[in-house]
Novice: 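Let me begin by handing over the structure; questions about it come next.
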Amino acid sequence: MYAIIVTGGKQYRVQKGDVIYVEKLDVEADSNYTFDTVLAVGEEGNVKFGTPTVAGATVTGKVVKNGKGKKLTILTYRPKKDSKRKMGHRQPFTKIEITEING
């Protein structure tokens, strides 16, 4: 069984046992989190699509950890002006293991 969920402005196709990295959620590690925005739930040949979400469908996952991704280096400059700036960014994430799909 699989489901398509929405979190952080992105859509994820998940199954039981999958580990996904999503935009940072305000939850503690080793706690459970329930996704209520489920767009589709199904198996091979039997799929339920929502309008826009499937009523009563939820996906539950265990929060493994919160962290930051690899550093991205951004360099901005103006040609021929001797003006440049080097910046870095690390995007925060939440690692979740899917434990249950209801729907």
Side-chain angles (χ1 to χ4, degrees):
M1 178 175 254
Y2 69 90
I4 298 175
I5 60 172
V6 176
T7 180
K10 300 178 180 87
Q11 298 177 4
Y12 299 91
R13 183 187 189 272
V14 295
Q15 293 179 336
K16 185 176 179 182
D18 284 353
V19 176
I20 58 173
Y21 292 87
V22 299
E23 296 294 322
K24 186 173 188 310
L25 300 171
D26 191 24
V27 291
E28 298 289 327
D30 295 327
S31 63
N32 289 329
Y33 187 79
T34 302
F35 297 98
D36 296 326
T37 312
V38 180
L39 299 179
V41 175
E43 307 178 271
E44 290 299 321
N46 183 18
V47 181
K48 285 194 287 186
F49 294 103
T51 55
T53 60
V54 179
T58 59
V59 175
T60 305
K62 180 183 176 197
V63 177
V64 178
K65 73 173 188 172
N66 292 310
K68 290 185 180 180
K70 290 187 175 183
K71 183 174 235 180
L72 300 176
T73 305
I74 298 101
L75 181 68
T76 61
Y77 74 99
R78 293 184 185 91
K80 304 177 199 150
K81 303 294 182 199
D82 195 30
S83 171
K84 54 189 158 196
R85 184 168 77 166
K86 184 177 180 180
M87 298 172 286
H89 176 73
R90 294 181 68 192
Q91 184 69 26
F93 68 85
T94 301
K95 182 178 179 182
I96 296 181
E97 180 179 358
I98 304 300
T99 57
E100 186 178 7
I101 298 175
N102 295 322

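We use all heavy atoms of the structure for the numbers below, so side chains are in, but hydrogens, waters and symmetry mates are not. From a predicted model like this one, the values you see are computed outputs, not experimental measurements.
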Novice: When Ile, Leu, Val, Met, Phe, Trp and Tyr are grouped by side-chain heavy atoms lying under 4.5 Å apart, directly or through other members, which residues fall in the same group as Y77?
Specialist: none
Novice: Quick check against the 3.5 Å criterion: does R90 have a side-chain atom that pairs as donor or acceptor with the backbone of G69?
Specialist: yes
Novice: So does T60 get a backbone contact from the side chain of T99, meaning a donor-acceptor N/O pair under 3.5 Å?
Specialist: yes
Novice: Got a sec: does the NZ of K68 have more than 12 other heavy atoms crowding it under 6.0 Å?
Specialist: no
Novice: Any donor and acceptor pair, going by atom type alone, linking the side chain of K48 with main-chain N or O of G103 inside 3.5 Å?
Specialist: yes
Novice: Quick one: CG on D30 to NZ on K65, what's the gap to the nearest 0.5 Å?
Specialist: 12.5 Å
Novice: Could you tell me which non-hydrogen atom of D18 sits nearest to which non-hydrogen atom of R13, and how far apart they are?
Specialist: OD2-O, 4.1 Å
Novice: Remaining members of V64's ILVMFWY cluster at a side-chain heavy-atom cut-off under 4.5 Å?
Specialist: none
Novice: Please enumerate all residues that pass ring-ring contact (aromatic ring centres under 6.0 Å, His included) together with F35, with sequence neighbours excluded.
Specialist: Y33
Novice: With the side chain counted from C-beta on, respond yes when K95 and V63 share a heavy-atom pair under 4.5 Å apart, and no when they do not.
Specialist: no
Novice: I'd like to check the ring-ring contact (aromatic ring centres under 6.0 Å, His included) partners of F93; sequence neighbours left out, ordered by chain and number.
Specialist: Y21
Novice: Quick one: pull up CD1 in I5 and NZ in K10 and give me the separation to the nearest 0.5 Å.
Specialist: 12.5 Å
Novice: Would a single hydrophobic cluster contain both V22 and V38, if residues Ile, Leu, Val, Met, Phe, Trp and Tyr are joined by side-chain heavy-atom contacts under 4.5 Å?
Specialist: yes
Novice: T58: what forms a side chain to side chain contact (heavy atoms under 4.5 Å, CB included) with it, not counting sequence neighbours?
Specialist: T34, D36, N102
Novice: Main chain of E43, side chain of N46: is a donor-acceptor contact present, judged purely on distance under 3.5 Å?
Specialist: no
Novice: Looking at every heavy atom in both M1 and V41, which two are closest together, and how far apart are they?
Specialist: CE-CG1, 4.0 Å
Novice: Tell me whether V54 shares a hydrophobic cluster with I4, the cluster being built from Ile, Leu, Val, Met, Phe, Trp, Tyr side chains joined at under 4.5 Å.
Specialist: no
Novice: Starting from F49 and following side-chain heavy-atom contacts under 4.5 Å between hydrophobic residues (I, L, V, M, F, W, Y), which residues can be reached?
Specialist: Y2, V47
Novice: Taking atom CD1 of I98 and atom NZ of K16, what is their separation to the nearest 0.5 Å?
Specialist: 11.5 Å
Novice: With a 4.5 Å cut-off on side-chain heavy atoms, are L25 and I96 touching?
Specialist: yes
Novice: Within the structure provided, determine whether E23 and T7 are in side-chain contact (heavy-atom separation under 4.5 Å).
Specialist: no
Novice: Between the main-chain N or O of V27 and the side-chain N or O of N66, is there a donor-acceptor pair closer than 3.5 Å?
Specialist: yes
Novice: Measure the CD1-CZ distance between I74 and R85 for me, rounded to the nearest 0.5 Å.
Specialist: 10.0 Å
Novice: Considering non-hydrogen atoms only, spot the tightest contact between T94 and K24 and give its length.
Specialist: OG1-CA, 3.4 Å
